[in-house]
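Reading through the structure tokens given below for one structure.
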Amino acid sequence: MKQIVDFIKQTFNTNEFIPLHEPRFIGNEKKYLNDCIDSTFVSSVGKYVDEFEKKFASFVGSRYAIATVNGTAALHVGLVLADVKSGDEVLTQPLTFIATCNAISYCGAKPIFVDVDHETMGMSPESVKKFLEINCEVIENKCVNKTTGKTIKACVPMHTFGHPCKIKEIKDVCDEWHIVLVEDSAESLGSYYKNKHTGTFGKIGAFSFNGNKIITSGGGGVIVTDDEVLAKRAKHITTTAKIPHPYEYVHDEIGYNYRLPNINAALLVAQLESLDSFLQSKRELAQSYKEFFVKQNIDFIEEPKESQSNYWLQAVLLKDKQQRDEFLEFTNKNGVMTRPIWRLMNELEMFKDCQSTELKNAKYLEERVVNIPSSVRV
Ligand SMILES: *Cc1c(COP(=O)(O)O)cnc(C)c1O
């Protein structure tokens, strides 16, 4: 254990406390922020929002990008665009950050939990397929859950710590069952599955720019889609559903105040310029962790097959819960911040009555996965 702490301190070249993930502002951040402040356009409209949306869409290879106030809002709107309404059901994975399930709940819908793959820590296409074959039938182009009588409108897989899940295979299953695919790509900016950027497989993808993500605007998010109608509607409902008019306030539905302020977008434009160097730095960090942990006889979690991961949060897989607890205890006591993976969503009070498949892999990973310091090194 001491060797591990020493290695991490050496890797980050410090004897001070090492956080799990720190943001880095090493480019044009201050320049663009100053420019934004000088322009007085710090709030809901401004050139940085437009510039960011254009550059982001081009980076991930989607037709449209719509900036939002955070990633949870992006997911929420994504589900609204997928027509998820009160009483509907949404397939997702139990091994995820709470935001995924919160967004589903904001629509008045219920999550159904399907197991993850061991290798990717993300939704298993086989588990989805099996659940649907056992429990569901397609009636008039709708996927009806025979157990509850409800419609399964959408499916929200997540790319855990930036490692892509088998998203193409999941998409094929969703298409066959008339389920809209909404990708929670909050953690996977810069990650590709079969050479296509994550978040662009689904009808809608959602990303987050919270302070701990690979690039940050303090708080922020974005929706991506190739569908022009959905893109227009996303902009409309995230900006209070106001009908464009030179001076009158007329709104045609209940919208949201979910737009990203221009000042946050200014920060984000600068962060996006640093993304390639961040990705490279994280890949190098992963390589040195991998070489070190193999000698310690500890599994370092690598990018899955046919994928390129952004290695946003690096992780190890301990042998059992006891070894995990010892690892957490020792590292945190000795100035190296480490964290266990999330408690499974189906174990939380709010979701404990939701339907789920057998969750063998999720349970296994929950007891063993630990995140280790992953900041970009400067
Ligand atoms: C960060 C994150 C989100 C969105 O988070 P915000 O803090 O609202 O930007 C959603 N899903 C997952 C899996 C995340 O990690």
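Throughout, residue positions are numbered sequentially from 1 according to the sequence presented. Every number for a ligand or one of its atoms is a count from 1 in the order of the listing.
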Pairs under 3.5 Å, N/O atoms on ligand 1 and on the protein: can you put them in a table with the distances?
from     : atom 1 : to   : atom 2 : distance (Å)
ligand 1 : 8 (O)  : G71  : N      : 3.4
ligand 1 : 8 (O)  : T72  : N      : 2.9
ligand 1 : 8 (O)  : T72  : OG1    : 2.5
ligand 1 : 9 (O)  : G71  : N      : 2.7
ligand 1 : 9 (O)  : S208 : OG     : 2.6
ligand 1 : 11 (N) : D184 : OD1    : 3.3
ligand 1 : 11 (N) : D184 : OD2    : 2.8
ligand 1 : 15 (O) : E187 : OE2    : 2.5
ligand 1 : 15 (O) : K213 : NZ     : 3.2

In the hydrophobic cluster built from side-chain contacts under 4.5 Å, what are the other members alongside F201?
L91, I112, V114, M123, V128, F131, L132, V138, I152, I167, I170, V173, W177, I179, L181, Y193
Are R63 and E228 close enough for a salt bridge, meaning some N to O gap below 4.0 Å?
no
R233 bridged to E253 by N-O distance under 4.0 Å:
yes
Please tabulate, one pair per line, all N/O donor-acceptor pairs under 3.5 Å involving side-chain atoms of residues 76-85, not counting sequence neighbours.
from : atom 1 : to   : atom 2 : distance (Å)
H76  : ND1    : Y258 : OH     : 2.9
D83  : OD1    : K85  : NZ     : 2.5

F300: hydrophobic cluster co-members (side-chain, 4.5 Å)
M1, I4, V5, F7, I8, F12, I18, L285, Y289, F292, F293, I298, Y311, V316, L318, F327, L328, F330, V336, V370, I372
Note: K171-D175 ion pair, threshold 4.0 Å (strictly below):
yes
